[in-house]
2 protein chains.
Amino acid sequence: MTGRLDERKRRMPRAERERQMLAVAEEIFAERGYQAAAMDEIAERCGVSKPMLYEYFGSKEGLLVACIRQARGQLAAATAAAVVGATDPEDALRRGLVAFFRFTDAHRRAWSLVLRNEAAVAGPAAAAEVEAVRQEQVEIDIALFAAFLPDAPRVELEAAAQVVVGACERLSLWYVGRDGDDAVSPEQAADHLMRVIWTGLSAMTRR
Amino acid sequence: MTGRLDERKRRMPRAERERQMLAVAEEIFAERGYQAAAMDEIAERCGVSKPMLYEYFGSKEGLLVACIRQARGQLAAATAAAVVGATDPEDALRRGLVAFFRFTDAHRRAWSLVLRNEAAVAGPAAAAEVEAVRQEQVEIDIALFAAFLPDAPRVELEAAAQVVVGACERLSLWYVGRDGDDAVSPEQAADHLMRVIWTGLSAMTRR
DNA sequence: GAAGTAACCTACTTCGAGTAAGGTGAACCG
DNA sequence: CGGTTCACCTTACTCGAAGTAGGTTACTTC
């Protein structure tokens, strides 16, 4: 009768405990929001006491930063994997967009932390981590655009990348909030975006 | 010697005190961030004690909501004023974009509350208020697009509006962060955005 | 099986949001 | 001018959650 209970209360090596804490924290942050999430509750659901969280993550903000950093790595891996094998720039961009939308769709809970900006409240470190996610996407877009628009001014490439990142963010929240007859798939979201921006993008060249 | 001090400590009618509190709160929220802003400090800078803030705004979140609502009204007024006298749809959209960028440029402090999503931390009411700002912009864009693309499917209009709103948000943060040689004006930001989206938008029609 | 260390806990401090209960003073009425 | 009233305002508290000090337990290693 104590077998299952012992499993929940057993001692764990640090790495494993950290993974568990991250998983639980992600869930509770997504469920309650950063502010309303209590460190005591996260600790309790881990079957551990609060000082352990502080031992491993330093602060509540540190725990949030770790969650965001993990999600950021997962997104980077997913998009990188998606773009290999693209036939041309248009195809590469579309594949990247689809991968982004699929990812945020599949990880809604975790991504509400980034998309809904729970981090701003937490403090500068968390806000910086979220900005780093966006910056990473911006860099990827700039590199892609630069490859097929070699003579467009740098500032235009940057602006275009910001447009795409901002649009992705908003579209992601938009289509996730639709159900039933109005439902929109990640692929359709990518198509909508491509339709609006692609012509303008491909015409961007030195005037 | 007490004349100036008396001015700071004088009794005020409710409406005037509320305006003062909003101004001080906006400043402190922008300066420290929502979390780090202490109600005691806001009260002190008003020359008043904390329970007065609670008397007038109910809670810390209520105070933030009031700040956001005020900014939302100002933005709505500024964009509405900008669009009158547009010669065609393209001109109307450009004017609206320029007004948005000029407004966020002029009110950086206040708009960091919206753009950097300080609200998510505060609670559901504040988050809803921020979403309402975005929703208002989306509705305006949809109405504009619908007027000159009467036969485009509704879902495409919505998607396009989300793209524009997301892009505006990101571009606003982007160009505000640039100085010196890299500086970008509100008008240039609007131009960059128009260049990327306009061709695609005007081609949007029933297939 | 003793030493050392990694994992863990109880019990506390601190700080800020929110509140209860009461004081003060200007305006208005008689 | 004396009293009443109501809006403005205060002091002094509670309460909850972040963060911490210092000690305890159990696993590893020789």
Side-chain angles (χ1 to χ4, degrees), chain A residues 2 5-25 28-29 31-67 118-126, chain B residues 2 5-22 24-25 28-29 31-67 118-127:
Chain A
T2 56
L5 220 60
D6 285 355
E7 173 59 25
R8 276 183 29 88
K9 287 252 166 189
R10 88 167 209 278
R11 269 168 185 249
M12 290 183 190
R14 176 167 184 147
E16 186 182 350
R17 186 63 87 190
E18 277 180 354
R19 274 192 300 275
Q20 183 206 15
M21 285 171 171
L22 272 185
V24 171
I28 298 207
F29 281 144
E31 193 170 292
R32 304 233 193 297
Y34 177 82
Q35 180 88 325
M39 293 294 270
D40 285 296
E41 187 184 356
I42 297 174
E44 193 186 358
R45 270 211 226 173
C46 290
V48 139
S49 74
K50 193 168 49 165
M52 292 305 300
L53 288 173
Y54 284 88
E55 174 75 22
Y56 290 168
F57 295 97
S59 68
K60 190 180 182 182
E61 184 181 8
L63 184 54
L64 179 64
V65 166
C67 287
E118 291 285 336
V121 134
Chain B
T2 55
L5 220 60
D6 284 354
E7 173 60 23
R8 276 181 31 85
K9 288 248 167 192
R10 87 166 211 277
R11 272 170 179 245
M12 290 184 192
R14 176 167 184 147
E16 186 182 351
R17 185 65 88 190
E18 277 180 355
R19 274 194 299 275
Q20 182 205 18
M21 285 172 171
L22 272 184
V24 171
I28 298 207
F29 281 144
E31 193 171 291
R32 304 231 194 299
Y34 177 81
Q35 180 88 325
M39 292 295 270
D40 286 295
E41 187 185 356
I42 296 173
E44 194 187 356
R45 270 211 226 172
C46 291
V48 140
S49 75
K50 193 168 48 162
M52 291 305 300
L53 289 173
Y54 285 89
E55 174 73 22
Y56 290 168
F57 295 97
S59 68
K60 189 179 183 184
E61 184 182 6
L63 184 54
L64 179 63
V65 166
C67 288
E118 291 286 335
V121 140

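So you know, we letter chains A, B, ... as the sequences are listed, proteins then strands, and number each from 1.
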query = Base, sugar-phosphate alone, or nothing: which one does B/Tyr56 contact when heavy atoms must sit under 4.0 Å apart?
reply = sugar-phosphate
query = When we call it a touch if two heavy atoms are under 4.0 Å apart, what does A/Ala43 touch: a base, just sugar-phosphate, or nothing?
reply = nothing
key: Residue A/Ser59, side-chain heavy atoms: nucleotide from D/dG19, D/dC8, C/dC9 that is nearest   = D/dG19
key: side-chain contact (heavy atoms from CB on, under 4.5 Å) evaluation trace for B/Val48 with B/Met21   = CA-CA 10 Å; B/Val48 140; B/Met21 285 172 171; 4.1 Å; yes
ask   = D/dA18 C1' sits how many Å from A/Leu64 CG, rounded?
value = 15 Å
request  = Could you check whether B/Met52 gets within reach of a base, just the sugar-phosphate, or nothing at all, counting any heavy atom under 4.0 Å?
outcome  = base
message = In this structure, how many angstroms lie between the P atom of D/dA18 and the CZ atom of A/Arg32, rounded?
response = 12 Å
query = Counting N and O atoms only, with roles assigned by atom type, does the side chain of B/Tyr56 sit under 3.5 Å from a partner on the main chain of B/Leu63, one being a donor and the other an acceptor?
reply = no
message = If I take atom CD in residue B/Gln35 and atom P in nucleotide D/dG19, what distance separates them, rounded to the nearest angstrom?
response = 9 Å
ask   = Does the side chain of A/Phe57 reach to within under 4.5 Å of the side chain of A/Leu22, using non-hydrogen atoms?
value = yes
inquiry  = Can you tell me how far apart CE (A/Met39) and NZ (A/Lys50) are? Round to the nearest 0.5 Å.
reply    = 8.0 Å
ask   = In whole Å, what is the span from the CG atom of A/Asp40 to the P atom of D/dA17?
value = 8 Å
task = For A/Arg10 and C/dA7, give me the distance from atom CZ to atom P, rounded to whole Å.
result = 12 Å
inquiry  = In this structure, how many angstroms lie between the P atom of C/dC15 and the CD atom of B/Glu41, rounded?
reply    = 15 Å
note = A/Ile42 atom CD1 is separated from D/dA18 atom P, nearest whole Å, by 8 Å
task = Could you give me the CA-CA distance, side-chain angles and deciding distance for B/Arg11 and B/Arg17, then say whether side-chain contact (heavy atoms from CB on, under 4.5 Å) is met?
result = CA-CA 9 Å; B/Arg11 272 170 179 245; B/Arg17 185 65 88 190; 5.8 Å; no
ask   = For A/Arg14 and C/dC8, is the shortest distance between a side-chain N/O and OP1 or OP2 below 4.0 Å?
value = no
query = So how far is it from B/Glu44 CD to B/Ile28 CD1, rounded to the nearest 0.5 Å?
reply = 9.0 Å
ask   = Distance from B/Glu55 atom CD to B/Glu18 atom CD, nearest 0.5 Å?
value = 10.0 Å
request  = Measure from CD on B/Glu44 to C1' on C/dG16 and round the result to the nearest Å.
outcome  = 14 Å
Dump the pairs, protein N or O against N or O of nucleotides 20-27 of chain D, anything under 3.5 Å, distances to one decimal.
from, atom 1, to, atom 2, distance (Å)
D/dT25, O2, A/Arg11, NH2, 2.8

request  = Describe the nucleic acid contact of A/Ala15 in one word from base, sugar-phosphate, nothing, applying a heavy-atom distance below 4.0 Å.
outcome  = nothing
